[in-house]
Amino acid sequence: MSELLQAVLDSEERSDLRQFISELRHQEKSYLLRNDILTAYTDYCNKYQKPNEFYNSSNLGKLIYYTQEIIQEDSNLYLIIRPKIAGQEVYRLTEDLSVDSLTVQDLLDLRDRLVNRFHPNEGDILELDFGPFYDYTPTIRDAKNIGKGVQYLNRYLSSKLFQDPRQWLEGLFNFLRLHQYNGTQLLINGRIQSQQQLSDRVKQALVFVGDRPSDQPYEEFQYELQGMGFEAGWGNTAGRVGETLEILDELLDSPDHQTLEAFISRVPMVFKIVLVSIHGWFGQEGVLGRPDTGGQVVYVLDQAKNLEKQLQEDTTLAGLDGLNVKPKVIILSRLIPNSDGTLCNQRLEKVHGTENAWILRVPLREFNPKLTQNWISRFEFWPYLETFAIDAEKELLAELHGKPDLIVGNYTDGNLVAFLLARRMNVTQCNIAHALEKSKYLFSNLYWQDLEDKYHFSLQFTADLIAMNAANFIISSTYQEIVGTPDSVGQYESYRCFTMPDLYHVVNGIELFSPKFNVVPPGVNEKYYFPYSRTEERLPSDRQRVEEMLFTLEDSAQIFGKLDDPSKRPVFSMARLDRIKNLTGLAECFGKSAALQEQCNLILVAGKLRVEESDDNEERDEIVKLYRIIDEYNLHGKIRWLGVRLSKTDSGEIYRVIADHQGIFVQPALFEAFGLTVLEAMISGLPTFATQFGGPLEIIQDKVNGFYINPTHLEEMAEKILEFVSKCEQNPNYWYEISTRGIDRVYTTYTWKIHTTRLLSLARTYGFWNFTSKENREDLLRYIEALFYLIYKPRAQQLLEQHMNR
Ligand code: UDP
Ligand code: LCN
């Protein structure tokens with residue numbers, strides 16, 4: 001039994017537990033989530049006048065802290081406890097406090113009963129279990145190492161491989177023979193016939209390059225090297241070739257995992273990358289802030305630019321310039337014929353500031369042109385993905401003159417297409433979630449049938465399960481995206497076991513301890529986002545224009561509100577007008593605090609100003625709500641709301657102008673998967689207050705370089721901001737201290753250089769291991785295909801039929 005529960009039952013607190021349970025029984029709710037549990041426990045402690053010590057450190061207090069859910073059924077109470085990260089235990093407590101533990105299957109049946117979807121006389125429901133496929137792959141033991149997959153894999157597999165030197169050398173030799181660029185052989189040629197010969201020739205070549213000046217260009221001695229059996233790819237100078245061969249020599253003679261890592265990171269094996277990002281408006285101008293168009297677009301564009309740059313650097317260093325090797329990055333998106341003034345109707349668009357990175361837009365097949373000619377919500381996209389992948393494959397092969405070396409999917413739809421493409425072309429697949437909707441929408445799985453018309457979660461969650469299990473590796477922006485925090489469940493973790501009543505039970509949806517998970521956070525585009533204090537890099541004309549737009553410009557159809565006193569400290573936020581972004585919560589928090597209104601103005605950049613201009617359900621609801629709050633709290637004269645589409649330059653300048661005014665940035669989302677605006681605000685030098693639910697918890701260190709806020713406690717949120725403002729009034733240095741530490745935090749931890757170096761090293765390493773360990777995933781992939789054809793596809797077909805009738 002759980003130690004936490006046992007400790008309560010074995011102590012005097014047994015009677016407290018009984019009392020607490022009896023209080024719960026008076027509640028109307030039979031399903032309590034963590035927030036409800038904490039509130040119920042606080043009420044209980046208050047009612048029975050329990051001392052603070054009891055609340056925090058009693059055995060019962062600890063049990064409650066780790067209890068994620070409580071379900072009441074008849075006279076039984078079920079506790080779902082998460083005693084440690086990625087751990088789950090379920091217990092049934094009867095009235096006389098006897099305890100049984102429940103299996104995952106029991107728990108899922110219980111949840112089905114809760115929503116009246118359990119039909120014991122009609123046989124069992126389909127169970128999805130990916131567990132057996134992970135039984136024969138290595139798994140990480142300690143939860144704190146989750147997300148460091150590649151380091152673990154290197155150590156684990158190297159130690160296995162190095163045990164059998166013959167097999168290891170054979171494997172390495174075959175791997176080296178594999179590499180080509182557009183048909184040109186790289187690294188070693190037919191003059192090296194065996195691993196023994198490889199070892200001898202490496203030593204010979206080392207003497208040869210050692211006799212040359214280290215900066216001598218590769219082209220001047222390439223033919224001699226070729227004669228020994230070495231083709232291009234070892235380095236661009238004698239020094240670099242020598243270094244790479246030295247690492248290989250060490251690997252052949254006395255291998256260890258660090259040397260292996262160093263060697264693999266130099267192997268020229270990634271030249272062509274496809275980044276799949278399909279939904280929303282994928283463009284370089286005039287798209288951000290539109291529905292479904294936010295951080296993912298920013299992330300993928302910046303990633304593409306930086307990947308191309310890094311690939312070019314690597315190619316040059318590997319000595320491949322002479323072969324006319326041109327790395328290429330393609331962002332695969334959808335073409336939107338009715339493009340609303342954007343370039344989303346263009347098939348091919350070059351990514352600004354790159355030589356060979358492109359946006360390739362492939363149209364959806366026509367089906368019902370009323371839909372397919374226009375933007376389609378990400379929740380409705382499912383029927384079009386398979387045919388999109390088939391069409392995209394042809395276009396990619398033509399554009400790349402062959403297969404890509406890596407396919408990276410983004411978000412559920414992009415990941416599903418990445419899976420379909422990777423499967424068809426036999427290419428390494430990487431997944432990036434950005435946001436998994438399952439954790440964003442409360443009870444999205446339990447009540448999926450009620451939500452299906454609007455959200456189609458049955459398709460989305462099936463696609464998620466398919467893609468995350470099929471991927472060779474997954475990168476996440478934070479650790480908690482995978483397994484949460486001590487008191488909250490991670491986004492991937494929420495896929496481990498769940499019920500989709502009447503559809504299926506997932507008893508093991510994803511192996512969280514698998515080395516496929518790697519934390520690789522994104523960076524921020526330093527060309528556009530940089531500290532406000534770098535005045536020499538700022539154009540005075542931009543600054544003035546943005547200043548006016550933010551504080552004073554009148555008569556604009558895209559700006560609402562005139563400030564009574566524009567000199568007050570600005571509280572600023574910028575986000576898409578999604579319910580979850582909770583800008584309406586921020587407006588309400590501002591509305592509720594007269595003191596905050598006294599000291600500050602509220603400035604929002606968000607969505608559109610008029611309901612009739614929006615075609616997104618949530619955006620429309622939020623527009624109505626924001627106006628209602630402004631009226632209800634009479635915020636006229638104290639708020640500006642800009643429904644503008646900013647250029648990249650303005651979007652950087654806007655944070656800096658707010659910083660010029662010693663303002664602050666607030667990110668009040670109910671949940672934020674990562675939060676690029678938090679990075680942008682911090683690097684610009686804005687003291688940042690961000691939600692404690694999600695990524696910002698890992699980006700910010702509370703009270704050191706920013707502040708956490710709980711967006712569900714509006715008064716407390718206002719107090720935190722006010723406390724900061726008053727501290728700044730008393731000590732003007734305080735604003736600068738937080739501002740400077742925020743800037744440092746981003747520069748040291750969140751840069752695209754760190755990101756791309758890691759991503760490419762992962763791509764090479766997973767590619768290497770897939771080759772040498774001959775990982776056989778065919779059984780897993782066949783199971784996944786069955787899910788795709790038997791569950792996903794028929795449901796997508798049903799949705800398509802609905803679309804055809806619109
Ligand atoms: N953004 C923008 N204009 C807007 C709203 C957002 O330029 O009206 C940009 C913002 O600067 C950031 C991105 O869109 O780069 C939003 O990313 P984030 O990760 O914060 O949230 P998401 O929208 O992806 O959920
Ligand atoms: C999607 C989100 O919701 C954000 O939290 C992320 O920052 C963004 O994608 C980029 O990954």
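Atoms within a ligand are numbered from 1 in the order they appear, just like the ligands themselves.
Looking at His279 and Asp413, their side chains do bring a donor and an acceptor atom within 3.5 Å of each other. Thr412 and Asp464 form a side-chain donor-acceptor contact under 3.5 Å, judged by distance and modelled atom types alone. Glu452 and Tyr447 form no side-chain donor-acceptor contact under 3.5 Å, judged by distance and modelled atom types alone. In this structure, a donor-acceptor pair under 3.5 Å is absent between the side chains of Ser614 and Asp616. There is no side-chain donor-acceptor pair under 3.5 Å between Gln544 and Asp542. Side-chain contact check for Arg579 and Asn582: no donor-acceptor pair (N or O, by modelled atom type) lies under 3.5 Å.
For Tyr299, every heavy-atom contact with ligand 2 shorter than 4.0 Å involves the side chain, none the backbone.
Figure legend: cation-pi geometry between Lys638 and Phe590 absent, as NZ or CZ is not positioned both under 6.0 Å from the six-membered ring centre and within 45° of its axis.
Contact atoms of ligand 2 toward Gly295: 8 (C), 10 (C) (distance under 4.0 Å to a heavy atom of the residue). Contact atoms of ligand 2 toward Ala673: 5 (O) (distance under 4.0 Å to a heavy atom of the residue).
Ligand 1 lies under 4.0 Å from heavy atoms of Leu288, Gly289, Gly294, Gly295, Gln296, Val298, Tyr529, Met574, Ala575, Arg576, Lys581, Val605, Tyr655, Glu672, Gly675, Leu676, Thr677, Glu680.
At the top of the distance list for atom 4 (C) of ligand 2, counting protein heavy atoms only, stands Glu672 OE2, 3.1 Å.
Distances from atom 1 (C) of ligand 2 to the heavy atoms of Glu481, Glu437, His434 show the closest one on His434. When Pro521, Gly294, Ala435, Gly675 are checked for heavy-atom proximity to atom 7 (O) of ligand 2, Gly675 turns out nearest.
Contact check for Arg290 versus Trp375: no side-chain heavy atoms found under the 4.5 Å cut-off.
No option in Glu672, Glu619, Glu622 other than Glu672 meets the salt bridge (Lys or Arg N to Asp or Glu O under 4.0 Å) test with Lys581.
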